[in-house]
Amino acid sequence: MLQLFVFVSLTLFFLMVLIKRKKPGKKIRTGFVQNGQQFEAYLCEIFRRAGYRVRPTKLSHDFGADLLIESSGKLVVLQAKYCNKPIDTGAVEEAVVAGTIYGTGFVGIVTNNEIPERVKEFARQFEGKTFVRKIYLIDGPALERLRRKERIV
């Protein structure tokens, strides 16, 4: 009886460990990137390779902007989000504030993770009801296209 109890206990323990190890979201592979600062440098490089003019902002007091991109004569302010979970609507709000500070109606969020549908809907509402002309939501599949030097902004 004791052996059965130990077996069942160990089985449940290992199942719980496996469940906890499963991380939410679909992160993209970014190679050497291990933190937000490296993610910003990585983004600068792949945007440049794809033909964009890119300027990183300073690391602090940047008002939520991480990259300034010139595309087709317009300034796009991008916020980089390197995180272990999907972004939330706060990222959209921060990007909009950054766009206001930098004087542009073109803003975006770039993440190594997925962008939930509720965040996409929130961004669409901002576009329709504010000065913001376009909010670019760039996740794993879009970054893969950018790596292949396709235009995404």
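Residue numbers start at 1 and run along the sequence shown.
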Inset, instruction - List the steps, then state whether side chain to side chain contact (heavy atoms under 4.5 Å, CB included) holds for Val153 with Ile138. - result: CA-CA 9 Å; Val153 175; Ile138 303 166; 3.9 Å; yes
Identify the heavy atoms of [X] and [Y] that sit nearest to each other, and give their distance.
{"X": "Ala95", "Y": "Ile109", "result": "CB-CG1, 4.1 Å"}
{"X": "Arg151", "Y": "Ser71", "result": "NH2-OG, 3.6 Å"}
{"X": "Ala80", "Y": "Leu43", "result": "CB-CD1, 3.7 Å"}
{"X": "Val107", "Y": "Gly99", "result": "CG1-CA, 3.5 Å"}
{"X": "Pro116", "Y": "Pro86", "result": "CG-CB, 3.7 Å"}
{"X": "Ala123", "Y": "Leu137", "result": "CB-CD1, 3.9 Å"}

Could you tell me which residues satisfy side-chain hydrogen bond (donor to acceptor under 3.5 Å, both in side chains) with [X], sequence neighbours excluded, listed by chain and number?
{"X": "Lys134", "value": "none"}
{"X": "Tyr52", "value": "none"}
{"X": "Glu45", "value": "Arg49"}

Applying side-chain contact (heavy atoms from CB on, under 4.5 Å), can you list everything that pairs with [X], at least two apart in sequence or on another chain?
{"X": "Arg133", "value": "Phe106"}
{"X": "Glu121", "value": "Arg124, Gln125"}
{"X": "Arg53", "value": "Glu70"}

Distance from [X] atom [atom1] to [Y] atom [atom2], nearest 0.5 Å?
{"X": "Arg48", "Y": "Ile69", "atom1": "CZ", "atom2": "CD1", "answer": "10.0 Å"}
{"X": "Glu94", "Y": "Thr89", "atom1": "CD", "atom2": "OG1", "answer": "10.0 Å"}
{"X": "Asn84", "Y": "Asn113", "atom1": "CG", "atom2": "CG", "answer": "7.5 Å"}
{"X": "Leu67", "Y": "Glu40", "atom1": "CG", "atom2": "CD", "answer": "6.5 Å"}
{"X": "Ile152", "Y": "Phe47", "atom1": "CD1", "atom2": "CZ", "answer": "4.5 Å"}
{"X": "Thr111", "Y": "Ile87", "atom1": "OG1", "atom2": "CD1", "answer": "5.5 Å"}

Inset, instruction - Determine, step by step, whether Val96 and Phe131 satisfy the side chain to side chain contact (heavy atoms under 4.5 Å, CB included) criterion, reporting the C-alpha distance in whole Å, the side-chain angles of both residues, the deciding distance to 0.1 Å, and the verdict. - result: CA-CA 9 Å; Val96 170; Phe131 75 95; 4.2 Å; yes
Can you tell me if [X] uses its side chain to pair, donor with acceptor, with the backbone of [Y] under 3.5 Å?
{"X": "Glu127", "Y": "Ile135", "value": "yes"}
{"X": "Thr104", "Y": "Val76", "value": "no"}
{"X": "Asn112", "Y": "Cys83", "value": "yes"}

Legend entry - Full working for side chain to side chain contact (heavy atoms under 4.5 Å, CB included) between Glu93 and Phe122: CA-CA 9 Å; Glu93 293 169 342; Phe122 187 70; 3.6 Å; yes
Legend entry - Aromatic plane relationship, Tyr42 with Phe39 - under 30° parallel, 30 to 60° tilted, over 60° perpendicular: parallel
Legend entry - Side-chain heavy atoms of Val77 within contact of Leu68, under 4.5 Å: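 Counting from C-beta outward, Val77 and Leu68 do come under 4.5 Å.
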Legend entry - Close side-chain approach of Leu75 to Arg55, heavy-atom, < 4.5 Å: yes
Inset, instruction - Show your working on side chain to side chain contact (heavy atoms under 4.5 Å, CB included) between Arg118 and Asp88 and close with a plain yes or no. - result: CA-CA 8 Å; Arg118 65 182 160 65; Asp88 61 16; 4.1 Å; yes
